[in-house]
Amino acid sequence: MPDAGAVPWTQLRWAVVLVLALDTATSTLVAGLARWSPDGAAEVLAERAVPSGNRHAELLTVAVTEVLADAGLSMADLDAVVTGLGPGPFTGLRVGVVTAAALADARDRPVVGVCSLDAIGSGARTVVTDARRKEVYWATYAADGTRADGPGVSLPEELAPAGPVVGDARFADRLGVPVTPAEVTTAGLLRAAAAQLADPAGLSASTRPTPVPLYLRRPDAVPPTSYKPVTTA
Amino acid sequence: MSEPLVLGFETSCDETGVGLVRGQTLLSDALATSMAEHERFGGVVPEIASRAHLEAMVPTVHRALAEAGVEASDVDAIAVTAGPGLTGALLVGLAAAKAYALALGKPLYGVNHLAAHVAVDELQHGRLAEPSMALLVSGGHSSLLLVPDLAQEVQSLGRTIDDAAGEAFDKVARVLGLPFPGGPPIDKAARAGNPHAIDFPRGLTGPRDAPYDFSFSGLKTAVARWVEARQRAGEPVPVADVAASFQEAVADVLTAKAVRACKDAGVDHLVLGGGVAANSRLRALAEERCAAAGIVLRVPSPRLCTDNGAMVAALGSRLVEAGVAPSAPDIGADSSLPIEVVTR
Ligand SMILES: [Zn+2]
């Protein structure tokens with residue numbers, strides 16, 4: 001539902017726009033509001049980073065409500081939604097992606113998906129996050145911040161990280177190098193989305209598909225043996 | 001106030017359902033299914049279902065709104081299945097529903113999937129008699145419920161202690177070389193068979209057994225043993241007779257227990273729901289036995305018996321009408337949500 005007077009998103013190129021950024025690729029959910037301008041500058045107005053474990057579905061919309069309140073804004077003020085597409089544990093990851101897609105759809109605004117690892121740290125680096133099953137998700141970046149390799153999923157022992165390593169410091173021992181702790185940030189998500197936000201014509205209107213998470217792994221195709229919802233306490 | 005327009009989301013298993021109702025009037029019932037992707041595994045693979053829900057969600061909402069001829073901003077309330085079901089699948093629908101509720105500024109009701117199976121009948125047959133008995137049978141559940149007040153109070157009288165009835169259909173179909181899901185092909189094969197050809201066991205029907213609980217595991221195993229014995233002996237398997245006799249055993253137990261529960265509780269209305277309620281023999285036997293016992297039987301059309309978004313919207317509409325408080329903003333999904341919790 002376009003609001004009368006709102007900037008049509010196809011004209012984002014020319015305007016400073018209000019962007020909601022979400023990420024649930026790690027155990028810390030991120031919800032942030034930022035003013036983004038076509039020169040690439042992003043002013044973060046409010047941000048919540050909530051250690052939510054596997055409670056992303058419970059806490060994400062609560063965090064969105066909070067950042068809007070912090071910034072004194074409402075859903076009607078949004079011009080675009082940015083979402084991290086992972087890689088990350090699937091169930092939590094989908095919560096962020098479907099939330100972003102639904103919020104954007106309900107407000108008739110574009111949704112932009114980015115690799116979540118792009119939003120961790122800056123400059124030349126290797127980013128690692130917890131992929132469970134004793135593995136890490138990783139990507140490497142050149143000095144100008146562009147992704148050089150990845151995202152991938154590997155055992156830490158099999159990675160030969162290039163440059164400084166940032167991300168989940170619990171893997172330092174198994175990587176054999178120090179890891180500077182770093183997490184997904186609103187500023188990082190906006191930076192990763194800059195090229196897409198600058199090209200609104202690429203975000204086709206009502207037919208835009210829901211961004212697909214970077215799963216990197218196939219589904220475990222084992223049929224459930226005991227799906228029996230219990231009906232008594 | 002005019003009747004509320006309610007948008008309902010259902011993603012507890014493999015169907016992405018989004019439906020709209022106004023009061024108790026069905027406006028639309030959009031559905032996407034990943035069933036074909038599960039076929040080769042002989043059962044629903046949760047991760048495949050969850051991925052499909054995510055892709056289908058927004059397009060299915062658009063179809064539901066278009067079919068109903070309304071705008072999202074017209075919606076008065078949103079309802080979503082909060083459980084029971086597959087956790088990863090539930091969370092896609094729950095997160096989507098919470099986002100639409102937030103973006104549209106509307107109240108959200110997280111509801112019980114089983115109660116929604118009962119509520120959907122009101123879209124076709126009008127207001128439920130209260131109390132009613134409800135027999136819900138599908139691949140995920142086999143439950144006997146007493147419904148004094150659909151918006152506030154639903155009681156579990158019995159449930160399966162092992163497999164759901166629909167699971168037994170799937171497993172027997174596999175034994176007989178019939179496709180997945182097993183319900184429709186068994187129903188079809190059974191039409192040419194003799195339901196009394198083989199005396200398969202009726203689980204939990206002894207005098208000391210729990211009167212309203214079900215068990216289909218023993219039946220499933222008995223069918224497999226019977227078929228395997230034939231195969232070992234090099235004899236042909238009479239598929240139609242096996243299908244008919246198996247189906248008869250399932251329908252016999254389900255309807256006998258449902259009618260007994262009605263009599264014991266002094267309830268004279270029975271609602272059938274769930275995918276297995278589409279089974280022709282179950283419907284026929286339920287009609288026969290209910291008529292004999294003076295019970296009014298209500299069965300939604302097969303399309304509404306299986307999981308869909310309209311059933312969730314129908315229950316949501318009931319909750320709005322009853323003035324029940326919406327769910328808290330931090331509501332989550334519960335894969336084993338007890339039936340006593342109609343909304344959370
Ligand atoms: Zn169901």
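The structure displayed is predicted, hence computed values, not measured ones. Just so it is clear: chains get the letters A, B, ... in the order the sequence lines come, proteins before strands, and each one is counted from 1.
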Enumerate donor-acceptor pairs with a distance under 3.5 Å from any side-chain N or O in residues 93-105 of chain B to protein atoms, sequence neighbours excluded.
residue	atom	partner	partner atom	Å
B/K98	NZ	A/A57	O	2.7
B/K98	NZ	A/E58	O	3.1
B/K98	NZ	B/P329	O	3.0
B/K98	NZ	B/I331	O	2.9
B/Y100	OH	A/D105	OD2	2.6

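Atom NE2 of A/H56 sits about 11.0 Å away from atom CG of B/L91, to the nearest 0.5 Å. Atom OG of B/S50 and atom CG of A/L93 lie 11.5 Å apart (nearest 0.5 Å).
Residue A/L60 does not touch chain B at all, counting heavy-atom pairs closer than 4.5 Å.
Surrounding CZ of A/R217 are more than 12 heavy atoms belonging to other residues, nucleotides or ligands, all under 6.0 Å away. Shown here is A/N54, whose CG atom has no more than 12 heavy atoms of other residues, nucleotides or ligands within 6.0 Å.
Under the 4.5 Å side-chain criterion, counting only non-hydrogen atoms from C-beta, B/R51 is in contact with A/R94.
Chain B forms more heavy-atom pairs under 4.5 Å with one residue of A/V212, A/T91, A/L78, A/T99 than with any other, namely A/T99.
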